[in-house]
Structures are given as structure tokens and as C-alpha cells.
Protein chains: 2
Amino acid sequence: MTISTLVPVFAALGDETRWSILAALGEGDASASALAGRLPVTRQAIARHLAVLQEVGLVDSVRVGRELRYRVIGTQLSDTARRLDRIGDEWDRRLAAITRIAEEL
Amino acid sequence: MTISTLVPVFAALGDETRWSILAALGEGDASASALAGRLPVTRQAIARHLAVLQEVGLVDSVRVGRELRYRVIGTQLSDTARRLDRIGDEWDRRLAAITRIAEEL
DNA sequence: GATTGATGCAACCTTAGAGTTGCAGTAATC
DNA sequence: GATTACTGCAACTCTAAGGTTGCATCAATC
């Protein structure tokens, strides 16, 4: 599991509109059309954002009647946070090691 | 402290080249020119990436002689991870609540 | 003080992505 | 079965971002 699998997730999270979509979905599952009613963007734009979010596993879709209902997957967010934290720790340790070496000189 | 301050951080982390820069800096502080020697991109491109990283607090710079030496700030990464984790938890709780309500119907 | 090696700035190219409009397809409902 | 409402697909615009080349600048060294 390399960090390169994380990059698309961060790229997905690096957009305000997608956050507002995620926030709206946090209030409860919804379809692209339903979201378009609440957000100041077109349904098509939202659909593409949802595709991006689904691609990186932040969102899931279920067919309900004639609508595609999306829901947030909290796990992916937690996982990402955990991995990010681990990387931060690694860097902290490495930086501490470098600092120690530098001070010993 | 709103999530909108987080978005630029994620946007910064959503680029492979910037990760390779961060990884290179993890090995020890370095200048843009030094990094250009190790990475397959121009110094100018690297300089701009470093500006972006510095903008969101992922990197810091110190003048050493005639060179600008950059270093990773592990804290920002850890903070981001913590905040992301908190958001994930909130969503998990909210989703659990919604699921519970749905099941009670 | 001339040279060397670093940064800073500007113009430019190219592509990816966010957004739009328009229309076709398709599944419920009356 | 006609209508209604949602999804799917395609073409188009526009801007931002990643990358490049070229030159100016400025500090350190010989």
C-alpha cells in the first residue's frame, strides 16, 4: 500500500464543491438531482463530482427505484486520516533523527 | 476553524510531484536547486510547488548563505490527519444515527 | 572585482478540470 | 400508452495549474 493510492483521495478532497456535496450527503443519502436542488451547481456537474468521489471510495451508490442514491462512506475518511497520521509520525521521527545527528556534529 | 481552511491543504497534497518533493525533503532539508537535481522537473517548477506547500504550512524555509533551504513541518500533517479523523467520526456518528432512525421506521 | 551558483520574475504553452447547455434514454406513475 | 422525472452521454467554454525556457538579480568565493 503505497502513498500514491492516497494522492487521488486528497485530490478529490481538494475541492470546495465536493466538500459541500459530502456535507450535504452527511445530512442523509441523496441523488444527484436532489443535491442539485440544494447546491448552486448543475446536476451534471454534481454527477461528475460524485463519480470522482466514488472513484476514490469516499462515496457509494445504490439504485432506489429510478434514482441513484449516494451515501458517504465514513470508513474511507478515517482510513485516510490514519494513514496520513502515520506518515506524519514517520516524518517527525525522521526529522527528529536528523536534528539529533545535526546537533551531535 | 472551519473545514474550508483544510481544502487548500488537501489540494496541495493532491499532486504526485509535491509528494515526491515532500518525500525528498523527508531525507533532509534541501533547496529548490538541490531538489531539481534529484527530481525530473525544473527548478522553477519545484520552486512553485514549494511556494504552494509553504502557503498551506506543510513546509518552511530558512535562508542559509545564498540558498533558501526548505524543511518539512510534520506538525501540519499530523494536525490535518487529526482534523480529518474527527470529521470522519462525526460522519460515522451521524450516519449511524440516520441508520438507526431509518430502522425504527 | 570577476566569476560562479543560487534565487526571482515573466512570458508562454498545454492540458486537465470545473462548469454549462442540450438532447437521448429509461423507468415510474397516472 | 402517454407523461413525468430521473439518469447518461456528448460537445463546448473557460480558467487554473503544471511545466517549460529565458533572462535578470544577487550573494559568496577566488
Side-chain angles (χ1 to χ4, degrees), chain A residues 3-25 27-73, chain B residues 3-25 27-73:
Chain A
I3 28 175
S4 70
T5 65
L6 266 182
V7 178
V9 180
F10 288 126
L13 292 176
D15 182 272
E16 299 260 10
T17 304
R18 278 195 282 268
W19 273 99
S20 61
I21 290 176
L22 289 174
L25 285 181
E27 309 284 334
D29 302 356
S31 67
S33 300
L35 291 171
R38 283 193 262 168
L39 301 177
V41 275
T42 319
R43 170 190 63 91
Q44 284 85 340
I46 292 178
R48 283 181 50 187
H49 281 304
L50 285 169
V52 172
L53 291 171
Q54 188 164 23
E55 190 85 17
V56 299
L58 281 167
V59 131
D60 195 4
S61 70
V62 187
R63 190 130 233 150
V64 177
R66 64 180 156 193
E67 70 180 0
L68 243 197
R69 197 161 292 177
Y70 289 87
R71 80 182 140 202
V72 176
I73 302 182
Chain B
I3 31 176
S4 69
T5 64
L6 267 182
V7 179
V9 179
F10 289 126
L13 292 176
D15 183 272
E16 298 259 12
T17 306
R18 278 196 281 269
W19 273 99
S20 61
I21 290 176
L22 288 174
L25 285 181
E27 308 283 334
D29 303 355
S31 65
S33 299
L35 290 170
R38 282 194 263 170
L39 301 177
V41 274
T42 319
R43 171 189 62 91
Q44 284 85 340
I46 292 178
R48 284 182 50 188
H49 281 305
L50 286 169
V52 172
L53 291 171
Q54 187 165 24
E55 190 86 16
V56 299
L58 281 168
V59 131
D60 194 5
S61 69
V62 187
R63 192 129 236 143
V64 177
R66 65 180 156 193
E67 73 179 357
L68 242 196
R69 196 162 293 178
Y70 288 85
R71 81 183 139 201
V72 177
I73 302 184

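Chain identifiers are assigned alphabetically (A, B, ...) following the order of the sequence lines, protein sequences preceding nucleic acid strands; residue numbering begins at 1 within each chain.
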Between CZ of B:R43 and P of D:dT20 the distance, given in whole Å, is 12 Å
Do any side-chain nitrogens or oxygens of A:S31 fall under 4.0 Å of OP1 or OP2 in D:dC6?
no
Would you say B:T17 reaches D:dG18's phosphate, i.e. side-chain N/O to OP1/OP2 under 4.0 Å?
no
With respect to the phosphate group of D:dA5, does any side-chain polar atom (N or O) of A:S33 fall under 4.0 Å of OP1 or OP2?
no
Nearest to the side chain of A:L68, which nucleotide is it out of C:dT20, C:dA18, D:dT7?
D:dT7
Starting from C1' on C:dG19, measure out to CG on A:D15 and report it in whole angstrom.
11 Å
Would you kindly compare B:R48 and B:A32 by the position of their nearest DNA chain C nucleotide and give the one closer to the 5′ end?
B:A32
With a non-hydrogen cut-off below 4.0 angstrom, is A:R18 in contact with a base, only sugar-phosphate, or nothing?
sugar-phosphate
Check whether any side-chain N or O of A:H49 sits under 4.0 Å from OP1 or OP2 of C:dG17, and answer yes or no.
no
For B:A47, which contact category applies under a 4.0 Å heavy-atom criterion: base, sugar-phosphate, or nothing?
nothing
Under 3.5 Å, is there any donor-acceptor pair linking the side chain of B:E16 to the base of D:dG18?
no
B:R66 CZ to D:dC26 C1', straight-line distance once rounded to whole Å
10 Å
